Amino acid sequence: MTQPVLKELRRVDGYLPIEDYGLVGEGATAALIGRDGSLAWLCLPRFDSPPLFCSLLDRTHGGQFTVAPAGVLESRQFYEYDTALLVTEMRTSTGLLRVTDLCPLLAGSDLSEDVPATRRELLRTATVVEGSLDLTIHVEPRGGAEAEPRDGGLRIHCRAQPDLNLHLYSTSPLTGLRTSLTIKAGQSVHLLLCWRPGAGHAPGFDEAALRRDTVAVWRRWLQCLDYHGPQEALIRRSAITIKLLDHFENGAIVAAPTSSLPELIGGERNWDYRYAWVRDAAFSVYALHRIGLSHEAAGFLAWVLDAVERDGEPRVMYDLDGRMPPEERRDTGLEGYRRSTPVRWGNAAAEQHQHDVYGEILDCAYQWAAHHGRTSERVWSRLLKLVDAAAGAWRKSDHGIWEVRTSGRPFTYSAAMCQVALDRAARMAERFTLPGPAEAWRRTAKEIQDAILEEAWDPKMQSLTEHLGGGGLDASLLTLPLRRVVSANDPKMVATSRAIVERLGAGQGLLYRYLPEESPDGIAGHEGAFLLCSFWLVDNLAEQGRLDEAMELYASLCARAGPLGLLPEEIDPPTGAFLGNYPQAFSHIGVISSGVNLARLFEKAGRTC
């Protein structure tokens with residue numbers, strides 16, 4: 001990926017575009033840093049903790065950590081190659097400032113192991129590249145704070161989080177929460193924000209060593225990446241982005257690091273995604289597995305099976321400890337991104353029933369076992385309960401992959417994933433000589449497949465529909481070939497993919513998930529186009545042999561990534577602006593999975609891509 005050019009900062013309603021933020025993290029939380037030098041999002045000490053800084057959701061009251069010169073004329077951001085080190089360059093009339101942001105990792109850490117790698121620190125280095133300039137360092141936690149000199153730095157007492165042990169150290173003297181300095185070419189200021197227990201006893205820090213060790217950790221992890229296909233640079237960035245959403249300590253993967261970025265500006269479809277959805281995490285580890293990064297699957301599988309065993313049944317999502325997320329609530333103290341309210345914490349979908357979780361877990365287990373050539377008796381005994389549950393649930397109503405907030409329906413995607421659970425269980429039993437009624441599972445899987453093709457088919461619409469018995473169109477039907485439920489070349493699947501493009505198409509290859517007026521979801525308003533759905537379309541086109549069309553669509557979707565190679569959940573079709581929580585694991589999963597599929601199918605056809 002080439003470095004972007006410097007360009008003018010443009011705000012809308014007082015806010016930077018979502019694509020003007022970069023992500024850094026350390027396996028327990030993550031921060032978003034704007035092209036203006038503001039750290040506008042950071043929850044401490046974990047992804048699912050209260051936000052320390054969230055000016056992303058309220059430019060006046062959200063709080064931020066600013067390291068920037070006065071009078072920025074233009075700026076740009078880029079990552080150091082194959083790392084999570086973010087560089088922001090800002091030009092003024094008198095000079096050029098480079099701010100490098102990273103979350104230091106423990107020296108020698110192996111990111112393929114489920115052990116903590118975090119130092120619970122964020123390092124910000126401001127260096128004048130050209131000229132001289134006035135630098136502002138301003139720490140504004142949400143809710144206000146007081147600072148006192150302590151151990152050569154500042155001990156910051158946050159009113160909203162009084163138990164947070166927060167310290168800021170600097171290689172230049174700090175006058176308080178706001179400091180102004182004049183620095184010139186070649187001079188640097190190093191700032192270390194610490195939130196670990198016991199911070200405050202070692203004010204000296206070696207910025208160069210922290211940086212060197214962190215670069216080495218990231219590049220060592222990426223040595224295992226194995227991919228030869230289109231958009232290789234974006235694939236590598238997508239792998240790092242998904243890993244930044246991973247809770248290194250236990251294998252949980254959050255859907256996104258943010259909450260309440262709107263799916264439509266001014267709308268109310270604003271959700272908290274800082275939790276681990278079984279579905280999203282399973283998609284993530286499978287995508288990483290396909291490019292040689294397979295350890296994450298083992299970590300996720302152990303984490304989710306522990307959670308299921310504790311609760312007695314799988315939930316839709318969990319917090320990072322594998323427990324129920326907090327009850328959903330509205331925060332009236334924040335105006336929302338570009339005044340899109342409400343801001344929500346917690347997620348009510350945690351209480352829903354979504355039967356696809358059985359298939360997500362079984363498919364992950366099957367892929368891991370197929371790769372390693374085995375599975376343990378303990379894992380198998382835990383999986384058996386999920387297989388039985390899937391066999392009894394596939395005709396029952398649930399709230400589906402899109403988590404409708406109406407009464408449930410027997411969603412086709414949910415039934416299909418129950419089929420996946422039974423099919424993968426039968427495959428595992430036969431391949432690894434494991435106990436269980438494999439033939440009965442196969443019969444039930446075939447029964448579900450037949451029911452989908454017959455009962456979800458609408459002859460007038462000439463398409464499969466969102467639930468058994470008929471209904472509206474649903475782009476998640478495009479996953480049926482990807483999960484081996486229905487062949488991409490089955491006439492009904494070909495017709496369905498065509499109908500989805502015609503009726504859910506938003507233009508330029510973008511797709512809506514569904515149309516709320518035809519498929520009521522209990523939420524007012526509409527939303528943007530859902531990026532992952534378009535990547536699923538790429539896969540269907542490719543499997544149907546329409547390789548050139550698939551490659552053209554794939555290239556256009558990848559071109560929608562921001563300058564940093566990051567993608568949101570949704571795109572506003574008229575403007576191309578980013579919508580929804582950011583960066584979104586689902587979208588980066590699409591980049592990886594479609595790239596792998598295209599590379600495989602082009603090679604099979606004897607063509608280069």
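These numbers come from a predicted model, not from an experiment.
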Evaluate the side-chain proximity of F248 to T118: yes if any heavy-atom separation is below 4.5 Å, no if none is.
no
Could you tell me whether D48 and R46 have a side-chain N and a carboxylate O separated by less than 4.0 Å?
yes
Carboxylate-amine/guanidinium proximity below 4.0 Å for R279 and D356
yes
Spell out, as yes or no, whether a donor-acceptor pair under 3.5 Å connects the side chain of S340 to the backbone of G336.
no
Going by atom types only, do D521 and Y514 share a side-chain donor-acceptor pair under 3.5 Å?
yes
Backbone of G37 reached by a side-chain donor or acceptor of R124 within 3.5 Å:
yes
When you measure from the side chain of R269 to the backbone of I523, do you find a donor-acceptor pair of N or O atoms at a distance under 3.5 Å?
yes
May I have the step-by-step check of side chain to side chain contact (heavy atoms under 4.5 Å, CB included) for T258 and L57, ending in yes or no?
CA-CA 10 Å; T258 57; L57 297 180; over 6 Å; no
Do D280 side-chain atoms and A276 backbone N/O form a donor-acceptor pair below 3.5 Å?
no
Does the pair R219 and T83 meet the rule for a side chain to side chain contact (heavy atoms under 4.5 Å, CB included), with working shown?
CA-CA 7 Å; R219 290 181 177 165; T83 74; 3.6 Å; yes
Do you see a donor-acceptor pair shorter than 3.5 Å between the side chains of E403 and W277?
yes
Test R220 against D110 for side chain to side chain contact (heavy atoms under 4.5 Å, CB included), laying out the working first.
CA-CA 8 Å; R220 186 183 307 117; D110 184 348; 5.5 Å; no
For residues Q354 and M417, determine if any side-chain heavy atom of one lies less than 4.5 Å from a side-chain heavy atom of the other.
no
Please check if any side-chain donor atom of Q544 sits under 3.5 Å from a side-chain acceptor atom of S497, or the reverse.
yes
When you check the side-chain N and O atoms of T412 and E466, is any donor under 3.5 Å from an acceptor?
no
Say whether, by atom type as modelled, one donor and one acceptor occur between the side chain of N540 and the main chain of A488 under 3.5 angstrom.
no
Are side-chain N/O atoms of S75 and R35 paired as donor and acceptor at under 3.5 Å?
yes
Considering all heavy atoms, the nearest Y79-G22 contact:
OH-C, 3.9 Å
Do NZ/NE/NH1/NH2 and the carboxylate oxygens of R344 and D272 come within less than 4.0 Å?
no
Check ion pair E360-R483 (N to O, under 4.0 angstrom)
yes
L515 side chain reached by L504 side chain, heavy atoms, under 4.5 Å
yes
Is there side-chain contact between Q231 and R237, with at least one heavy-atom pair below 4.5 Å?
no
Check: S38 side chain, A40 main-chain N or O, donor-acceptor pair, under 3.5 Å:
no
Does this structure show an ion pair linking D363 with R484, if we count only N-O contacts that are shorter than 4.0 Å?
no
Any side-chain heavy atom of I500 sitting closer than 4.5 Å to one from L537?
no
In short, L531 meets P568 closest at the heavy-atom pair CD1-O, 3.5 Å
S476 and C533, any side-chain heavy atoms less than 4.5 Å apart
no
Looking at E549 and E552, would you say the former's side chain and the latter's main chain have a donor-acceptor pair under 3.5 Å?
no
Shortest non-hydrogen separation from L383 to A365 and the atoms involved:
CD1-CB, 3.6 Å
Hey, are D114 and W303 close enough side-chain-wise for a donor-acceptor pair under 3.5 Å?
no
Set out, in order, the CA-CA distance, both residues' side-chain angles and the distance that settles side chain to side chain contact (heavy atoms under 4.5 Å, CB included) for I265 and D572, then state yes or no.
CA-CA 9 Å; I265 299 300; D572 179 44; over 6 Å; no
Minimum side-chain heavy-atom gap L477-Y413 below 4.5 Å
no
Grab the two heavy atoms, one from L566 and one from Y21, that are nearest each other, plus how far apart they are.
CD1-O, 3.9 Å
Are Y582 and W41, when compared by the centres of their aromatic rings, separated by less than 6.0 Å?
no
Side chain proximity check, E569 to L579, heavy atoms < 4.5 angstrom
no
If you take all heavy atoms of W218 and L105, which pair is closest and at what distance?
NE1-CD1, 3.6 Å
Name each donor-acceptor pair under 3.5 Å that joins a side chain in residues 290-299 to protein atoms two or more places apart or in another chain, with its distance.
residue: R290; atom: NH1; partner: N597; partner atom: OD1; Å: 3.3
residue: R290; atom: NH2; partner: N597; partner atom: OD1; Å: 2.5
residue: S294; atom: OG; partner: H371; partner atom: NE2; Å: 3.4
residue: H295; atom: ND1; partner: S112; partner atom: O; Å: 2.9
residue: H295; atom: NE2; partner: S112; partner atom: O; Å: 2.5
residue: E296; atom: OE2; partner: W221; partner atom: NE1; Å: 3.2
residue: E296; atom: OE2; partner: K243; partner atom: NZ; Å: 2.7

To check you understand the geometry: which heavy-atom pair defines the closest contact between L234 and A561, and what is its length?
CD1-CB, 4.1 Å
Would you indicate whether Q508, at its atom CD, is surrounded by more than 12 heavy atoms from other residues, nucleotides or ligands within a distance under 6.0 Å?
no
